[in-house]
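Throughout, a chain's letter reflects where its sequence line sits, starting with A, and its residues are numbered from 1. Just so you know, these numbers use all the heavy atoms, side chains as well, and skip hydrogens, waters and symmetry mates.
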There are 2 protein chains.
Amino acid sequence: MRVRALWYDRLGLHLIDQRRLPNARVVRTYRKVEGVAEAIRTMVVRGAPSIGVAAAYGMAIASQQRGWTPTRAAKLLASTRPTAHDLFVGIEAVRSAWTAGEDPVESAHWYRERIVAECQAIGEVGAPLFSKRTNVLTHCNAGALATVEWGTALAPIRVAHDHGVDLFVWVDETRPLLQGSRLTAWELAQEHIPHAVIVDNAAGYFMLRGDVDAVIVGADRIARNGDVANKVGTYEKAVVAHENGIPFYVAAPFSTFDPRMPTGAGIPVEERGAEEVRSLGSRRLAPGRSGVRNPAFDVTPSRYVTGFVTPLGVIPPSRVRTIRQMGRTT
Amino acid sequence: MRVRALWYDRLGLHLIDQRRLPNARVVRTYRKVEGVAEAIRTMVVRGAPSIGVAAAYGMAIASQQRGWTPTRAAKLLASTRPTAHDLFVGIEAVRSAWTAGEDPVESAHWYRERIVAECQAIGEVGAPLFSKRTNVLTHCNAGALATVEWGTALAPIRVAHDHGVDLFVWVDETRPLLQGSRLTAWELAQEHIPHAVIVDNAAGYFMLRGDVDAVIVGADRIARNGDVANKVGTYEKAVVAHENGIPFYVAAPFSTFDPRMPTGAGIPVEERGAEEVRSLGSRRLAPGRSGVRNPAFDVTPSRYVTGFVTPLGVIPPSRVRTIRQMGRTT
């Protein structure tokens, strides 16, 4: 059974509550745009492509509520999280359709289908990168949960595994919210793909030993020069991979590329609350008197990226500037 | 009040249980060498210099128990953890005295005094590295808890802070056992030294932004060529610091230098249990079906080290080979 992060029917938008995995599989249903916005903000749903699709359905739901205009709904949903470009693309896809008098629900469906198809294509395009026995390291969760189905970083891994390639996946646990150990490991375990969870600190140890043949990650936003915003820690992995001559791939659908952002310097990096670092559940990890800084993302300069795995092929950073804005009418 | 990790009196060896900090300050008392060995193995006491002193007192305690010879006690204590060189130096300091008919308790006291004096000297030697406003990053806990008093990496920070220098400390939380957020932050909070806890993944983010002026860490074992075994994650910090032109210092007493180890390739790296990664308290972090790898240390090649802060001065990696074995009679 393939994992699916969300789906929509006449009862509303259904989201797997990703905060509860792997200990419980809880599905939450939303019938109001305010609820969808809150679910994005509090990370019931996360992962740039999934956020974009959830926001698209949030727009569709708003169109069925009293008192909401396309502009007002777009503004609410756009205020939830600042970094992932897909959020704005998903909103815009439905906003423009709604404004033009087209069916917002159909538009959201179309957007979801496009993201899923692009992720499937990423799998086919990227699988040949792992055509022989490969130990591949990934950071955070760029799997089906992050992208509705298939995944970005995990899509080529899934396809190569389906083709019978002997793959082994190193899963960075990805503090503070543990999307690696909670979500990526859960997806891989569902599909019996061999893997081991490691603390983020151990990635360098295994790279230096020669136990990592390639790194592949997803992205939250890619600037025109190929700089990549992704989950905090990605930059460290990219630098250490580069230092060890290990190829470093970034897999993303077109919605993650931001042609209006010249370089990574302009990408807003969300800083989240201290409690994500200071506590885990009811357990306190650091003294209450200690300060905390909690950037959720970092920006990896394009020189550390070997290639971008897109739905239409693997391209070097220098070719990112040729990608046009997806999901815009102009 | 200065923090002290352990002390000895006629009731036995008293250890602050470092697994319980910062939520509770629990002191455990040991009157048998078997108990001391178990306390080292289970990390009631940790940090290479503190482990060495605890083992020295473990030898002294064994000398007062029936049926223990210097050789047998040394063998038990040496089997507890493989990486820290100080463990073997502390054991040997008392073993040789005991074998020679000297007082093992006096010998253990002497060893403790020497470690504390060396750490204090490291503070004086290293403080001028931070003579003006500095944002310094540290990994794991190389404070008083790790070294009985003062610390290695934290000693220069303490001394510079006492001298009125405007220091700010970035504290890597240091998964899996969180020695940074639990112990280093606790020590810094006790002494009102400004600091912020960050997840290990965020160190690179702040380095790339220019928010880190220097990195200083302790060590578990230093090979003759200057390769450094230290808490897992140290290697990643060293590479990223190097990439950003940030000086990377390693502070250690002479007991941490292993003149019989030509390079880091020969240093045994302890691999600890999966549950340290898979669970935190009663909370499960990763699926039970997922594999886990948990190396407790990594080895940073000497080319990433700007200087070693020793009790007798700051030296480059090329001069490490001039350091003689400490605590041996030959």
Side-chain angles (χ1 to χ4, degrees), chain A residues 22-23 139 170-176 178 180-182 185-186 188-189 194-208 231-237 239-240 242-244 269 274 276-278 280-295 297-299 301, chain B residues 22-23 139 170-176 178 180-182 185-186 188-189 194-208 231-240 242-243 269 274 276-278 280-295 297-299 301:
Chain A
N23 296 310
H139 188 69
W170 294 107
V171 179
D172 271 4
E173 67 171 9
T174 317
R175 281 281 290 156
L178 301 164
S181 54
R182 293 192 303 105
W186 181 77
L188 295 172
H195 65 284
V197 176
I198 57 175
V199 296
D200 304 298
N201 283 322
Y205 171 81
F206 289 110
M207 286 192 209
L208 184 61
K231 181 54 53 196
V232 70
T234 301
Y235 167 63
E236 290 196 17
K237 308 308 151 190
V239 170
V240 179
H242 186 262
E243 189 78 0
N244 286 282
V269 171
E276 289 183 359
V277 176
R278 196 180 267 143
L280 190 75
S282 61
R283 197 182 178 98
R284 171 140 293 197
L285 308 181
R289 287 186 287 167
S290 294
V292 168
R293 290 289 301 276
N294 184 23
F297 304 94
D298 59 25
V299 178
Chain B
N23 296 311
H139 189 69
W170 293 108
V171 179
D172 271 3
E173 67 171 8
T174 317
R175 281 282 292 159
L178 301 165
S181 54
R182 293 192 303 104
W186 182 76
L188 295 172
H195 65 283
V197 176
I198 57 175
V199 295
D200 304 298
N201 283 323
Y205 171 79
F206 289 110
M207 287 192 208
L208 184 61
K231 180 53 55 196
V232 70
T234 301
Y235 166 65
E236 289 196 17
K237 308 307 150 187
V239 169
V240 179
H242 186 264
E243 189 78 1
V269 170
E276 290 183 358
V277 176
R278 197 179 268 144
L280 190 74
S282 61
R283 197 182 177 99
R284 172 138 293 197
L285 308 182
R289 287 187 286 167
S290 294
V292 169
R293 290 289 302 276
N294 184 23
F297 304 95
D298 59 27
V299 179

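- For B:Asn201 (side chain) and A:Arg175 (main-chain N/O), a donor-acceptor pair under 3.5 Å exists by modelled atom type.
- Ranked by heavy-atom pairs under 4.5 Å with chain B, the list A:Ala286, A:Gly233, A:Ser181 is led by A:Ser181.
- With a 4.5 Å cut-off on non-hydrogen atoms, B:Pro194 does not touch chain A at all.
- Top candidate by heavy-atom pairs under 4.5 Å with chain B, chosen from A:Leu208, A:Val299, A:Asp298, A:Leu188, is A:Leu208.
- Contact tally against chain A (heavy-atom pairs below 4.5 Å) for B:Val269, B:Asp172, B:Thr234, B:Asn294: the top residue is B:Val269.
- Among residues at least two apart or in separate chains, side chain to side chain donor-acceptor pair (under 3.5 Å) pairs with a member in residues 280-290 of chain B are A:His195-B:Ser290.
- For a residue to count as touching a neighbouring chain, one of its non-hydrogen atoms must lie under 4.5 Å from one of that chain's; by this rule A:Pro22 touches chain B with the side chain only.
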Going through the distances and angles, do B:Leu285 and A:Leu280 end up as a side chain to side chain contact (heavy atoms under 4.5 Å, CB included)?
CA-CA 10 Å; B:Leu285 308 182; A:Leu280 190 75; 3.5 Å; yes

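- Residues B:Ala202 and A:Val232 come closest through the heavy atom pair CA-CG2, 3.6 Å.
- Options B:Glu276, B:Glu243, B:Met207 differ in how many heavy-atom pairs under 4.5 Å they form with chain A, and the most are formed by B:Glu243.
- For B:Val171, no part sits under 4.5 Å from any heavy atom of chain A, backbone or side chain.
- Scored by the side chain to side chain donor-acceptor pair (under 3.5 Å) test, A:Asn23 finds no partners at all (sequence neighbours excluded).
- Ranked by heavy-atom pairs shorter than 4.5 Å toward chain A, the options B:Arg278, B:Lys237, B:His242 are led by B:Lys237.
- Within the 4.5 angstrom heavy-atom criterion, atoms from both the backbone and the side chain of A:Ala203 approach chain B.
- Using a 4.5 Å cut-off between heavy atoms, A:Phe297 contacts chain B through its backbone alone, with no side-chain atom that close.
- The part of B:Pro295 that comes within reach of chain A is its side chain, from C-beta onward, which places non-hydrogen atoms under 4.5 angstrom from that chain.
- Here the shortest heavy-atom pairing between A:Tyr205 and B:Tyr235 reads N-CD2, 4.2 Å.
- For A:Ile198, the parts lying near chain B are the backbone and the side chain together; criterion is any non-hydrogen pair under 4.5 Å.
- For chain B, the nearby parts of A:Glu236 are the backbone and the side chain; heavy atoms of each come within less than 4.5 Å.
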